Amino acid sequence: MRETFAPILYVMPCEDFEDAVLINNEVSQGLSSSIFTTKPEYIFRWVGAGGADSGICNVNIPTNGAEIGGAFGGEKETGGGRESGSDAWKQYCRRATCTINYSKDLPLAQGIDFS
C-alpha cells in the first residue's frame, strides 16, 4: 500500500451527512479533508470530534495548501499530530485548523491565482 501525495479529487455519492463522514474517515490517511456545504450545522459537526478525522479540516475550499500560521500535520497514517508549524508543542492534543469560506467563490490557499 502506498500513499499518493498529489492533488486528487474524489467525488462520491452519499446518503446524508453521516454517510459522508463515514466515507471520508474510512481511508487510512488523514492529512486534509474538505466539505462543501451551506449548512452551518454541518460545518461545526465536520470540524468537531465526531467529524472529519484529518489534521486539516476545510469548509468550502479545496484541500490544497494550508494556512501558514495554523497547525500542520496529519492523522492516522499521514503523520501523527502537528509535528510541524506553530503548534508543534500541542502534538498531544486533538486539534484541527478550520477555514470556512462563506462566499460563492473558490479561493486557493495564500491567494494563489492560476489565471
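No experiment lies behind these values; they were computed from the predicted model shown.
- When all heavy atoms of Pro62 and Pro107 are compared, the closest pair comes out as CD-O, 3.7 Å.
- Residue Val27 shares its hydrophobic cluster (ILVMFWY side chains chained together at separations under 4.5 Å) with no other residue.
- You'll find the side chain of Val59 stays beyond 4.5 Å of the side chain of Thr99, heavy atoms only.
- Nearest heavy atom pair, residue Pro13 against residue Ile23, reads O-CD1, 3.7 Å.
- Counting only residues at least two apart or in different chains, ring-ring contact (aromatic ring centres under 6.0 Å, His included) contacts with residues 20-45 comprise Phe17-Tyr42.
- Side-chain atoms of Trp46 come within 3.5 Å of backbone N or O of Asn58 as a donor-acceptor pair.
- Residue pairs that meet the salt bridge (charged side-chain N to carboxylate O under 4.0 Å, His left out) test with at least one member in residues 97-115, sequence neighbours left out, do not exist here.
- Hydrophobic clustering of Ile, Leu, Val, Met, Phe, Trp and Tyr side chains at less than 4.5 Å, counting indirect connections, keeps Leu106 apart from Ile35.
- Here the CD1 atom belonging to Ile100 is positioned 10.5 Å from the OG1 atom belonging to Thr37, to the nearest 0.5 angstrom.
- The closest side-chain heavy-atom distance from Ser54 to Leu31 is not below 4.5 Å.
- Applying the side chain to side chain donor-acceptor pair (under 3.5 Å) criterion to Ser103, with sequence neighbours excluded, gives Asn101.
- Sorted by first and then second residue, the side-chain hydrogen bond (donor to acceptor under 3.5 Å, both in side chains) pairs with a member in residues 11-27 read Glu18-Arg45, Asn24-Ser33; sequence neighbours excluded.
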